[in-house]
Protein chains: 2
Amino acid sequence: MISKKVKYAIIALVKLAREYNKGPILIRDIAESEKIPQKFLETILSDLKHAGILASKKGKGGGYYLLKSPDEVNLATIIRLFDGAIALLPCVTYQYYERCEECKDEETCGIREVFKEVRDETVELLKAATLSEIIRRESKLEKKKR
Amino acid sequence: MISKKVKYAIIALVKLAREYNKGPILIRDIAESEKIPQKFLETILSDLKHAGILASKKGKGGGYYLLKSPDEVNLATIIRLFDGAIALLPCVTYQYYERCEECKDEETCGIREVFKEVRDETVELLKAATLSEIIRRESKLEKKKR
DNA sequence: AATATAGTCTATAGAACTAATAGACTATAT
DNA sequence: ATATAGTCTATTAGTTCTATAGACTATATT
């Protein structure tokens, strides 16, 4: 399971992507419209800013806005930023690699091979899931519903 | 990430699968050969017994052994047993479904659709990963290494 | 310059979960 | 009878997750 932090981050980012190039949006507005605890959202948006994904403006007319374009931001990046590795085993991660203590031979470990495949598939799907792509899917689903 | 419980469970099950139909194996032997804390392993094996995957025999010559055949036991089952849902979002699980409070319309949620695809791919791969399959892969990797 | 607006930073805290251990108890083979 | 081996209940230390409080800093506007 992804953490609430990631879930809130994605929801906020999709919201900001919908308002891309329309100027800064208040934390309060995002919190209210997306039903996210405001104080919690503050730390999340701050993290996204430090990661170079968002930017902010203080004072009247301020708020947060997307620094990167919506098709540059994907879910693999967001999950890694808050929750760390995407893989299900530490010995199968790119960026957070850790050897299993109880492992006899990593090279010939059948368990590892399975989890490597899972990671590859998952990362591929999550990388393809950019903010633009999510919005595109939403419109499609809405059309379908009518 | 899967929990240590799942990791230990898989390792123990693969060990028992290698010794399938060779009679019961001591908790102590599994703990030692696989470097798993014995007391912790006890609770894990007990859970696997209650789930109908293992059986045990008490007294001298006792121990644990596979009740199901190694090609009937797959990693999706084991992960669900100990860690719960495989999906990354509660609104995308089969058995542990929970609606997102902040969700406006589940039917048209683009985020949900992405995570549904991830779940489908993951479950498919994990279901194919039976104990037999893992052992088969190990032999292949060993041959390749030589 | 004053003031309201709005993001920033540091600290903290309760709840839940994880990993592991202790120890008394029960069942079985010989 | 006795040694062997699994069973059950409780507990604990540590960590992570989710969220909140409150003081502080920067900016736009008048």
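Residue numbers start from 1 in every chain, and the chains themselves are labelled A, B, ... in the order their sequence lines are given, proteins ahead of strands. The model shown is predicted, which means the values in this text are computed figures rather than measured ones.
- Here the straight-line distance linking atom CG of B/L13 with atom CG of B/N74 works out to 11.0 Å at 0.5 Å rounding.
- Between the CD1 atom of B/I2 and the P atom of C/dC17 there is a distance of 19 Å, given to the nearest Å.
- Atoms NZ (A/K4) and P (C/dC17) sit 12 Å apart, rounded to a whole Å.
- A/T108 and B/K145 are not linked by any side-chain donor-acceptor pair at a separation below 3.5 angstrom, with hydrogens and angles left out of the test.
- Counting only heavy atoms from C-beta on, B/K58 has its side chain closest to D/dT7 among C/dT8, C/dA20, D/dT7.
- Closest approach to the B/Y64 side chain among D/dT7, C/dC9, C/dA19 is made by D/dT7 (side chain taken as heavy atoms from C-beta onward).
- A 4.5 Å side-chain heavy-atom check between A/L88 and A/T122 finds every atom pair outside the cut-off.
- Nucleotide D/dT4 holds its P atom 14 Å from the CG atom of B/D29, rounded to whole Å.
- Shortest non-hydrogen contact noted between A/A9 and A/F82 is CB-CE1, 3.6 Å.
- Helical stems involving DNA chain C, defined as 3 or more consecutive Watson-Crick or G-U pairs under 3.5 Å, span C:1-30 with D:1-30.
- Once rounded to the nearest 0.5 Å, the distance linking CG of A/L48 with NZ of A/K68 reads 11.0 Å.
- If you take CD1 of B/I44 and C1' of D/dG6, they are 15 Å apart, rounded to a whole angstrom.
- Regarding A/L41, its CG atom lies at a distance of 12 Å from the C1' atom of C/dG7, rounded to whole Å.
- Residue-to-nucleotide contacts include a donor-acceptor pair under 3.5 Å from the side chain of A/K39 to the base of D/dG22.
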> Do B/V123 and B/R80 pass the side chain to side chain contact (heavy atoms under 4.5 Å, CB included) test, and can you show the C-alpha distance, the side-chain angles, and the key distance before you say yes or no?
Replying inline: CA-CA 10 Å; B/V123 170; B/R80 287 206 178 104; 3.7 Å; yes

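- Proximity of A/S56 to the phosphate of C/dT8: a side-chain N or O atom is located under 4.0 Å from OP1 or OP2.
- Look at CG on A/L45: it is 15 Å from C1' on C/dC9, rounded to the nearest Å.
- Distance CD (B/E101) to P (D/dT18): 12 Å, rounded to an integer number of Å.
- B/L26 comes within 4.0 angstrom of sugar-phosphate atoms only, judged by non-hydrogen atoms across all strands, and of no base.
- At whole-Å resolution of the value, NE2 in A/H50 and P in C/dT8 are 7 Å apart.
- Screening B/L131, B/L66, B/I53, B/I11 for a side-chain contact (heavy atoms from CB on, under 4.5 Å) with B/L16, the sole residue that qualifies is B/L66.
- If A/E42 and A/Y8 are placed on DNA chain D by their nearest nucleotide, the residue sitting closer to the 5' end is A/Y8.
- Taking for each of A/K49 and A/K60 the nucleotide of DNA chain C with the nearest heavy atom, the 5'-most of the two is the partner of A/K60.
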